[in-house]
Protein chains: 2
Amino acid sequence: MVQCMTARLDASFAALSDATRRGVLEQLGRADSSISDLAGKFRMTLTGMKKHIGVLEEAGLVATEKVGRVRLCRLGPRRLAEETAWLEAYRRHWAARFDALDSVIEDLQQKEKAHGRKRQK
Amino acid sequence: MVQCMTARLDASFAALSDATRRGVLEQLGRADSSISDLAGKFRMTLTGMKKHIGVLEEAGLVATEKVGRVRLCRLGPRRLAEETAWLEAYRRHWAARFDALDSVIEDLQQKEKAHGRKRQK
DNA sequence: CTTACACTGAACCATATGGTTCAGTGTATG
DNA sequence: CATACACTGAACCATATGGTTCAGTGTAAG
């Protein structure tokens, strides 16, 4: 789990690219859970869930601890600070890029909102 | 490219999980580029780069337009608003979760700092 | 017209991913 | 002790990913 920033971004974005894993993170935000808890909640085998937990743990997003025969999963040490920073930087860059092109940004915002206002171009 | 939110999150986080693609987005933030431009800059074949562009386009992060024999690539309509929102919600949840467990958060922050120091480049 | 150039598509390859089953191992518990 | 239960690991499977080469197609330029 010792990795440079680009590898960390790779790992955490990849971890977040699966709906099940995002769901697991949300669940663990509510309560620590065992692997079978999660497997049940997301309707998949224990083994399958363990793999997801492995991915999340590798990315530092989940931490686990074996307690008796149960493996307890909780949110891990990483707070996705770098990932948030990357996204924010991107959004700033995006805005800057299109501020230079008034008509284009206007057009795109209209399209995105899909608010039925007629285009003027 | 019409997809529900969870599929969009899947697609965009997956698109961002590759360093080359993140690089392409940064590059396109600076200047629109042709596929061969990008292929050259990232030292890979035209075909390889076209696949990356395909992924980014599918995720709505890049838009392209054929101009003569060149395909012009620029930043796409999506501003990663939902992705940012997801991350922010996670971070808020993370904080809330560990505010309830003083000693634990302290421990984890120390661990994270220690790791950060070791990982410094 | 000819040539070069940018792209496109198909085919291929190695590896990764997301899931399964099955056969253990270790720990509670009656 | 016996049994059930939680996990673990290996093996397998289908599909996806990240890259390549090669053989086109279409357009620009000489």
Side-chain angles (χ1 to χ4, degrees), chain A residues 1 3 6-28 31-74 76, chain B residues 1 3 6-28 31-74 76:
Chain A
M1 217 189 74
Q3 13 181 31
T6 170
R8 263 200 319 262
L9 287 178
D10 283 8
S12 42
F13 280 135
L16 295 178
S17 74
D18 182 274
T20 301
R21 286 192 293 259
R22 287 195 303 274
V24 166
L25 289 180
E26 279 168 16
Q27 177 56 34
L28 293 183
D32 297 353
S33 316
S34 72
I35 295 192
S36 5
D37 282 351
L38 295 168
K41 192 111 40 184
F42 292 90
R43 294 151 163 272
M44 80 174 50
T45 58
L46 210 53
T47 312
M49 181 52 70
K50 200 171 83 83
K51 282 199 191 179
H52 282 302
I53 296 294
V55 172
L56 288 165
E57 200 166 8
E58 198 62 31
L61 301 177
V62 159
T64 72
E65 183 191 1
K66 192 90 187 230
V67 178
R69 56 184 178 179
V70 169
R71 177 167 297 276
L72 234 287
C73 307
R74 49 190 168 73
Chain B
M1 221 191 69
Q3 13 182 31
T6 170
R8 256 195 330 257
L9 287 179
D10 283 8
S12 41
F13 281 135
L16 295 178
S17 75
D18 182 274
T20 300
R21 285 191 294 259
R22 288 194 304 275
V24 166
L25 289 180
E26 279 167 14
Q27 177 56 35
L28 292 182
D32 297 355
S33 315
S34 72
I35 297 192
S36 6
D37 281 353
L38 295 168
K41 194 112 39 186
F42 292 90
R43 291 151 163 270
M44 81 175 47
T45 57
L46 210 52
T47 311
M49 180 51 70
K50 198 171 85 85
K51 282 199 190 177
H52 282 302
I53 295 296
V55 172
L56 289 165
E57 200 166 7
E58 198 63 31
L61 302 177
V62 158
T64 71
E65 183 191 359
K66 192 91 186 228
V67 178
R69 56 185 178 177
V70 169
R71 179 167 296 275
L72 233 287
C73 307
R74 50 189 168 72

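Note on naming: letters A, B, ... go to the chains in the order of the sequence lines (proteins, then strands), and numbering restarts at 1 for each one.
- Regarding B:M49, its CE atom lies at a distance of 14 Å from the C1' atom of D:dT20, rounded to whole Å.
- Put simply, the side chain of A:R74 never gets that close to the backbone of A:E65: no donor and acceptor are under 3.5 Å apart.
- Between B:R21 and D:dG18 there is a side-chain polar atom (N or O) within less than 4.0 angstrom of OP1 or OP2.
- Closest to the side chain of A:K66, out of D:dG19, C:dA28, D:dT8, is D:dT8.
- Here D:dG19 presents its P atom at 12 Å from CD1 of B:I53, a figure rounded to the nearest Å.
- B:T45 has a side-chain polar atom (N or O) that falls below the 4.0 Å cut-off from OP1 or OP2 of D:dT20.
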With side chain to side chain contact (heavy atoms under 4.5 Å, CB included) as the criterion, how do A:L38 and A:H52 come out once you've worked through the C-alpha distance, each side chain's angles and the decisive distance to 0.1 Å? CA-CA 10 Å; A:L38 295 168; A:H52 282 302; over 6 Å; no

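- Between A:E58 atom CD and C:dA16 atom C1' there is a gap of 14 Å when expressed in whole angstrom units.
- Judged by atom type and distance alone, A:T47 does not reach the base of C:dG19 through any side-chain donor-acceptor pair under 3.5 Å.
- As the counterpart of C:dA4, D:dT27 is assigned, both hydrogen-bonding distances of the Watson-Crick or G-U wobble pattern falling under 3.5 Å.
- Whole-Å rounding puts the A:L46 CG to D:dT8 P distance at 8 Å.
- One atom, NZ of B:K50, and another, C1' of D:dG19, lie 14 Å apart when rounded to the nearest Å.
- Within the structure, every side-chain polar atom (N or O) of A:R71 is placed at least 4.0 Å from both OP1 and OP2 of D:dA6.
- With distances taken from any side-chain atom of A:M44 to the nucleotides C:dG26, D:dG26, C:dT20, the minimum falls on C:dT20.
- Summarising the geometry, the separation between CD on A:E57 and C1' on D:dT8 is reported as 14 Å, rounded to the nearest angstrom.
- Within 4.0 Å (heavy atoms only), A:G68 reaches sugar-phosphate atoms of the nucleic acid but no base atom.
- When side chains are defined from C-beta on, A:R21 does not count as touching A:V62, because their heavy atoms never get closer than 4.5 Å.
- Between A:R69 and A:V55, the one whose closest nucleotide on DNA chain C sits nearer the 5' end is A:V55.
- To the nearest angstrom, P of C:dA6 lies 12 Å from CD1 of B:I35.
- Put simply, the side chain of A:R22 gets close to the backbone of A:L16: a donor and an acceptor are under 3.5 Å apart.
- If you check D:dC22 for Watson-Crick or wobble pairing at under 3.5 angstrom, you find it paired to C:dG9.
- The distance between atom CZ of B:F13 and atom P of C:dG18, rounded to the nearest whole Å, is 15 Å.
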Between A:R71 and A:K50, is the side chain to side chain contact (heavy atoms under 4.5 Å, CB included) condition met? List the steps. CA-CA 10 Å; A:R71 177 167 297 276; A:K50 200 171 83 83; 6.0 Å; no

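- Residue B:H52 places none of its side-chain N or O atoms closer than 4.0 Å to OP1 or OP2 of D:dT17.
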